[in-house]
Amino acid sequence: MRLSDRCFAVTGLGYLPPWTVNAGFVAGDEATLIVDTGANAAAAATIHGYASIVRPSNRFMVLDSERHFDHIGGNEYFRERGIDVYGHAGIRRTDEEFRAEISDFNGEISNPARRSRHESEIFYHGTRLANPNCPIAADSLMNLGACDIEILLTPGHTPSNISVYVPSDGVLFCGDCLVNGYLPNLDAGSVDDWIIWLNSLDRIAELAPSVVVPGHGPVARGDEVPRLIESVREVLEQSIEAGRSPTS
């Protein structure tokens, strides 16, 4: 999905029903930054394929918007091609955690025959864990060649959440700081984390982006953007008051 002259979204990548996951990329004159790698190697290959068609001569970089496996599962696909993966310095997932993710994924298969065959392993075919090799610890700027981008820490959903803003195009890639249509996933945090998340929403609202690529769900444009921000804010405020996640 072309969002602007420089920005593209890759939406609807596979994950646990009813969730799909989004990724995207920003193509400058010299380099292309891919935001998130999907849940598996197949998603990463799809994202890479689209980005390669847009600017085949560009140098590629990847940035993970957070630590959860649905956003970093395709990292190794890029690392084995010599492509650097940027991400929050706190992202340090283990092989044991990745095996547990695959097991949990298999447990969500409703058909017992398919579950007993461990068909989740097909979803994760060729997928191996790779953490970011270029840590990010603070807000920063990046130039992709006639295209400046802002890398912004937007914690709350997890302490590792990062957003990518392209001021010239008014496009924001924000990972799970915003999700569209789904209840935001608060189960990874606590009330203290949700208060921090509200501050990140304030930061996003101040940017006033014209287009938002959320971690999950449809891309938001124009007047949909403030409505999306407020919908997540409402869930957070209600959960802070109740002291629990709406899905707990």
Side-chain angles (χ1 to χ4, degrees), residues 6-10 13 15 21-52 54-102 123-145 147-166 172-177 188 213 215:
R6 301 284 192 184
C7 300
F8 299 78
V10 184
L13 296 165
Y15 195 52
V21 63
N22 299 330
F25 56 93
V26 185
D29 288 351
E30 300 168 5
T32 296
L33 179 68
I34 292 169
V35 183
D36 284 339
T37 62
N40 56 15
T46 298
I47 300 161
H48 189 221
Y50 284 128
S52 298
V54 170
R55 294 289 266 187
S57 63
N58 271 13
R59 174 173 57 92
F60 287 93
M61 300 176 288
V62 168
L63 184 143
D64 293 331
S65 71
E66 60 146 296
R67 69 188 299 273
H68 288 150
F69 286 115
D70 52 330
H71 298 270
I72 71 170
N75 281 2
E76 175 60 21
Y77 172 92
F78 291 99
R79 290 297 301 125
E80 67 186 8
R81 287 161 175 78
I83 297 171
D84 286 329
V85 177
Y86 292 77
H88 193 279
I91 299 178
R92 289 291 179 268
R93 305 308 303 265
T94 67
D95 288 330
E96 182 180 4
E97 289 172 333
F98 187 50
R99 288 193 296 271
E101 170 83 358
I102 297 173
F123 181 85
Y124 287 104
H125 176 74
T127 304
R128 293 177 295 277
L129 171 64
N131 286 302
N133 65 304
C134 297
I136 296 171
D139 291 355
S140 56
L141 302 175
M142 191 178 287
N143 185 281
L144 305 178
C147 180
D148 292 323
I149 65 171
E150 300 177 8
I151 298 172
L152 308 172
L153 302 185
T154 50
H157 169 62
T158 74
S160 63
N161 274 77
I162 291 175
S163 295
V164 174
Y165 184 52
V166 187
L172 178 75
F173 300 85
C174 63
D176 284 11
C177 192
V213 181

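A donor-acceptor pair shorter than 3.5 Å can be found between the side chains of Asp36 and Ser65.
For Ala41, the side chain to side chain contact (heavy atoms under 4.5 Å, CB included) criterion is met by Thr127, not counting sequence neighbours. With sequence neighbours excluded, the residues satisfying salt bridge (Lys or Arg N to Asp or Glu O under 4.0 Å) with Glu97 are Arg93. Annotation: side chain to side chain donor-acceptor pair (under 3.5 Å) contacts of Arg67 (sequence neighbours excluded): none. Taking Tyr50 as the reference, nothing meets the side chain to side chain donor-acceptor pair (under 3.5 Å) condition, with sequence neighbours excluded. Every residue two or more places apart in sequence or in another chain that forms a ring pair (Phe, Tyr, Trp, His ring centres under 6.0 Å) with His71 is listed here: His216. Listed by chain and number, the residues in a side chain to side chain donor-acceptor pair (under 3.5 Å) with Asn131 amount to none (sequence neighbours excluded). Considering only residues two or more places apart in sequence or on other chains, Ala31 meets the side chain to side chain contact (heavy atoms under 4.5 Å, CB included) condition with Arg59, Met61, Leu144. Arg128 is linked by a side chain to side chain donor-acceptor pair (under 3.5 Å) to Glu80, counting only residues two or more places apart in sequence or in another chain. Partners of Ser52 by side chain to side chain contact (heavy atoms under 4.5 Å, CB included), not counting sequence neighbours, listed by chain and number: His48, Phe60. Partners of Tyr124 according to the ring pair (Phe, Tyr, Trp, His ring centres under 6.0 Å) rule, which considers only residues two or more places apart in sequence or in another chain, are Phe98, Phe105.
Evaluation of the salt bridge (Lys or Arg N to Asp or Glu O under 4.0 Å) test over residues 130-140, restricted to residues two or more places apart or in two chains, returns Asp139-Arg203.
The two atoms that bring Cys7 and Val166 nearest to each other are SG-CG2, 3.7 Å, heavy atoms only. Across Val164 and Leu33, no two heavy atoms sit closer than the pair CG1-CD2, 4.2 Å. A pairwise comparison of heavy atoms in Thr37 and Gly74 identifies OG1-N, 3.0 Å as the closest pair. Between Ala137 and Leu153, the shortest heavy-atom contact is O-CD1, 3.7 Å. Of all heavy-atom pairs between Arg55 and Ala27, the closest is CG-CB, 3.7 Å. Cys177 and Asn161 make their closest contact through N-ND2, 3.8 Å (heavy atoms, listed as atom of the first residue, atom of the second, distance).
When atom types are taken as modelled, the side chain of Asp64 and the backbone of Glu66 share no donor-acceptor pair closer than 3.5 angstrom. Judged purely by atom type and a 3.5 angstrom limit, Asn75 uses its side chain to pair as donor or acceptor with the backbone of Ala130. Of the possible donor and acceptor atoms, one in the side chain of Thr46 sits under 3.5 Å from a partner among the backbone N and O of Ala42.
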Side-chain donor-acceptor pairs of residues 82-91 under 3.5 Å, sequence neighbours excluded:
unit_1: Asp84; atom_1: OD1; unit_2: Asn133; atom_2: ND2; d: 2.9
unit_1: His88; atom_1: ND1; unit_2: Gly90; atom_2: N; d: 2.8
unit_1: His88; atom_1: NE2; unit_2: Pro159; atom_2: O; d: 3.4

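A salt bridge between Arg6 and Asp29 is present, with a side-chain N of the basic residue lying under 4.0 Å from a carboxylate O of the acidic one.
With a 6.0 Å cutoff to the six-membered ring centre and a 45° limit on the axis angle, Arg81 counts as a cation-pi contact of Tyr77.
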